[in-house]
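Everything below concerns the one structure shown next.
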Amino acid sequence: MGGEAWHDVRDEESERALHAALDAGINWLDTAEVYGRGHSERIIGRVLAARRREEVIVATKVVGAHLAADQLPGALDQSLRNLRTDYVDLYQVHWPNAQIPIEETMAALLAAQEAGKIRYIGVSNFNARQIAEALQYGPVVSLQPPYSLFWRYIEKETLPFCREHNIGVIPYSPLAQGLLTGKFSLSNRPPADDNRAHNRIFLDPTYEVALQQVEVVRQVAARYGKTPAQVAIRWVLQQPGITAAIVGARNERQVAENLGADGWTLAPEDMATLTAAGDKVMASLGLEEDTPMWKWD
Ligand SMILES: NC(=O)c1ccc[n+]([C@@H]2O[C@H](COP(=O)([O-])OP(=O)(O)OC[C@H]3O[C@@H](n4cnc5c(N)ncnc54)[C@H](OP(=O)(O)O)[C@@H]3O)[C@@H](O)[C@H]2O)c1
């Protein structure tokens with residue numbers, strides 16, 4: 001909803017999608033100062049202004065370039081202005097920054113918490129070692145990692161670490177940025193001005209493997225009378241240690257479909273079939289845990 005990075009996003013459509021989600025009982029919105037350089041936060045600010053503030057758990061993120069003690073307070077104040085609120089429920093460090101000691105960032109976050117500007121501190125794109133380091137300096141309640149059937153690097157160390165330390169895990173890109181909806185094909189790829197043109201799952205040769213495995217998701221979905229998107233989100237939600245999923249949507253229709261991931265259960269044998277399909281995509285990717293999902297070159 002930042003108006004950049006995703007092809008042809010329209011603000012009015014974004015706002016309608018957000019209201020539709022809240023009307024349907026979604027109680028939590030995730031954004032970041034970096035999305036459209038504040039644009040996404042400002043869209044959410046407009047939506048919040050039309051509703052009761054307490055209705056929504058607002059989560060935003062501070063960008064890696066603003067993690068120093070003399071940068072973070074100003075970044076947070078700008079986010080608060082964008083969001084038209086005087087507090088953020090969950091303020092997350094967007095990506096680790098090896099140039100700034102996490103002790104310094106945590107001190108700035110704790111001061112903001114003390115001042116009542118943020119309720120809880122979270123991190124995103126951190127591995128187990130980085131979370132453990134941050135925990136030395138104060139409470140970190142959540143991790144926002146990339147996680148879907150087709151991107152499962154947290155399973156080895158980070159997810160078990162979070163389970164052990166009672167840290168909420170709120171994955172992003174649970175639909176593999178739309179690939180798991182089944183709408184893409186060899187002849188229908190994301191446009192070049194869309195961030196997905198750089199997503200490693202959308203790059204050859206993995207893309208073809210992923211498209212084949214989407215067919216497995218489609219077969220499982222058909223048995224339940226569900227769509228592939230609903231099954232893909234359901235698979236994420238049923239993983240032990242996952243608190244909730246951050247599902248992107250560009251319009252009301254997508255919101256309505258994605259809500260159909262709630263209120264039912266995938267049987268263990270179907271979970272296993274889906275996981276095996278995801279294994280094939282993971283084998284094709286063959287990456288290290290900390291490799292970003294996007295390849296910019
Ligand atoms: N912390 C981080 O570093 C980080 C990184 C990425 C994302 N995030 C967060 O996570 C959220 C979700 O991740 P994401 O947007 O990357 O991936 P996602 O949730 O896996 O995919 C969302 C995209 O898939 C398409 N889609 C969704 N539902 C659909 C449906 N029912 N039918 C057809 N297409 C559908 C839409 O794009 P189209 O209509 O354009 O196809 C939508 O924008 C983001 O909005 C952001 O808040 C965080």
Side-chain angles (χ1 to χ4, degrees), residues 1-10 13-14 17-18 20-21 24 26 28-36 39-41 43-44 57-64 90-97 122-127 142-151 153-154 169-185 188-202 210 214 217-218 221 226-237 244-262 290-294 296:
M1 294 180 180
E4 296 175 347
W6 293 81
H7 180 75
D8 194 23
V9 169
R10 296 167 193 209
E13 212 172 40
S14 299
L18 290 167
I26 294 284
W28 159 51
L29 302 176
D30 179 80
T31 182
E33 59 164 330
V34 76
Y35 298 165
H39 191 77
S40 165
E41 287 183 332
I43 297 281
I44 291 181
I57 297 167
V58 178
T60 192
K61 313 183 197 80
V62 52
V63 73
L90 180 66
Y91 198 50
Q92 304 157 102
V93 177
H94 204 148
W95 288 86
N97 178 352
V123 294
S124 180
N125 299 300
F126 275 44
N127 61 28
S142 65
L143 168 70
Q144 180 179 148
Y147 187 56
S148 72
L149 248 179
F150 290 171
W151 195 272
Y153 294 99
I154 60 168
V169 180
I170 46 176
Y172 69 77
S173 305
L175 292 172
Q177 297 210 293
L179 186 47
L180 280 160
T181 66
K183 68 182 178 183
F184 290 103
S185 65
N188 176 28
R189 291 171 184 254
D193 65 346
D194 191 290
N195 78 96
R196 286 169 287 195
H198 305 273
N199 183 319
R200 291 172 200 274
I201 312 170
F202 285 79
V214 169
V217 181
R218 207 188 294 282
K226 300 287 179 187
T227 67
Q230 292 164 343
V231 164
I233 300 165
R234 188 73 236 145
W235 180 90
V236 166
L237 294 175
I246 307 176
V247 189
R250 71 160 60 231
N251 57 37
E252 291 170 90
R253 192 203 63 73
Q254 291 181 356
V255 169
E257 178 180 344
N258 298 345
L259 280 162
D262 191 30
D290 291 337
T291 311
M293 205 159 63
W294 299 269
W296 303 99

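Order of appearance sets the numbers: ligands from 1, and atoms from 1 within every ligand. In this chain, numbering begins with 1 at the start of the sequence shown. Keep in mind it's a predicted model, so treat the numbers as computed, not measured.
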State whether any protein heavy atom lies less than 4.0 Å from atom 44 (C) of ligand 1.
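No, because not a single protein heavy atom sits under 4.0 Å from atom 44 (C) of ligand 1.
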Please work out which of [options] has its closest non-hydrogen atom nearest to [atom].
{"atom": "atom 32 (N) of ligand 1", "options": "Lys183, Gln230, Gln92, Arg253", "answer": "Arg253"}
{"atom": "atom 39 (O) of ligand 1", "options": "Arg196, Met293, Arg250", "answer": "Arg250"}
{"atom": "atom 11 (C) of ligand 1", "options": "Leu175, Asn195, Ile246, Val34", "answer": "Ile246"}
{"atom": "atom 9 (C) of ligand 1", "options": "Phe150, Trp294, Tyr172", "answer": "Tyr172"}
{"atom": "atom 1 (N) of ligand 1", "options": "Ser124, Ala249, Pro228, Pro171", "answer": "Ser124"}
{"atom": "atom 13 (O) of ligand 1", "options": "Ser173, Gly248, Gly2", "answer": "Ser173"}
{"atom": "atom 3 (O) of ligand 1", "options": "Asp30, Asn125, Leu180", "answer": "Asn125"}

Hey, mind stepping through Gln177 and Phe184 against side chain to side chain contact (heavy atoms under 4.5 Å, CB included) and telling me if it holds?
CA-CA 11 Å; Gln177 297 210 293; Phe184 290 103; over 6 Å; no
Chi angles and distances behind the side chain to side chain contact (heavy atoms under 4.5 Å, CB included) call for His39, Met1:
CA-CA 7 Å; His39 191 77; Met1 294 180 180; over 6 Å; no
Which bit of [X] gets closer than 4.0 Å to ligand 1, counting heavy atoms only: side chain, backbone, both or neither?
{"X": "Ala32", "result": "neither"}
{"X": "His7", "result": "neither"}
{"X": "Asn258", "result": "side chain"}

Ligand-residue contact atoms, ligand 1 with [X], heavy atoms, under 4.0 Å:
{"X": "Val247", "answer": "19 (O)"}
{"X": "Gln144", "answer": "1 (N), 2 (C), 4 (C), 8 (N), 9 (C), 48 (C)"}
{"X": "His94", "answer": "1 (N), 2 (C), 3 (O)"}
{"X": "Pro174", "answer": "19 (O), 20 (O)"}

So, regarding [X] and ligand 1 (criterion: nitrogen or oxygen to nitrogen or oxygen, under 3.5 Å), is there a contact or not?
{"X": "Ala229", "value": "no"}
{"X": "Gln177", "value": "yes"}
{"X": "Gln254", "value": "yes"}
{"X": "Glu257", "value": "yes"}

Students should be able to answer this: which protein heavy-atom is nearest to atom 46 (C) of ligand 1, and at what distance?
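I find the closest protein heavy atom is Tyr35 OH, 3.5 Å.
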Can you pull out the closest protein heavy atom to atom 15 (O) of ligand 1? Residue, atom name and distance to 0.1 Å, please.
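Sorting protein heavy atoms by distance from atom 15 (O) of ligand 1 puts Trp6 CZ2, 3.5 Å first.
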Taking atom CZ of Arg189 as the centre, does the number of heavy atoms from other residues, nucleotides or ligands within less than 6.0 Å exceed 12?
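Yes - once you tally the heavy atoms of other residues, nucleotides and ligands closer than 6.0 Å, there are more than 12.
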Taking the six-membered ring for Trp, are Trp294 and His198 closer than 6.0 Å centroid to centroid?
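Judged by ring-centre distance (under 6.0 Å), Trp294 and His198 do not meet the cut-off.
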Compute the centroid of each ring, for Tyr147 and then for Trp235, and state whether the two points are separated by less than 6.0 Å.
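Ring centroids of Tyr147 and Trp235 are less than 6.0 Å from each other.
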Determine, step by step, whether Asn195 and Trp296 satisfy the side chain to side chain contact (heavy atoms under 4.5 Å, CB included) criterion, reporting the C-alpha distance in whole Å, the side-chain angles of both residues, the deciding distance to 0.1 Å, and the verdict.
CA-CA 9 Å; Asn195 78 96; Trp296 303 99; 4.2 Å; yes
Stepwise, does the side chain to side chain contact (heavy atoms under 4.5 Å, CB included) test hold for Val255 with Ile26?
CA-CA 10 Å; Val255 169; Ile26 294 284; 5.5 Å; no
Evaluate the side-chain proximity of Asp30 to Gln92: yes if any heavy-atom separation is below 4.5 Å, no if none is.
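They are in side-chain contact.
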Between Val214 and Phe150, is there a side-chain heavy-atom distance shorter than 4.5 Å?
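Of all side-chain heavy-atom pairs linking Val214 with Phe150, at least one is under 4.5 Å.
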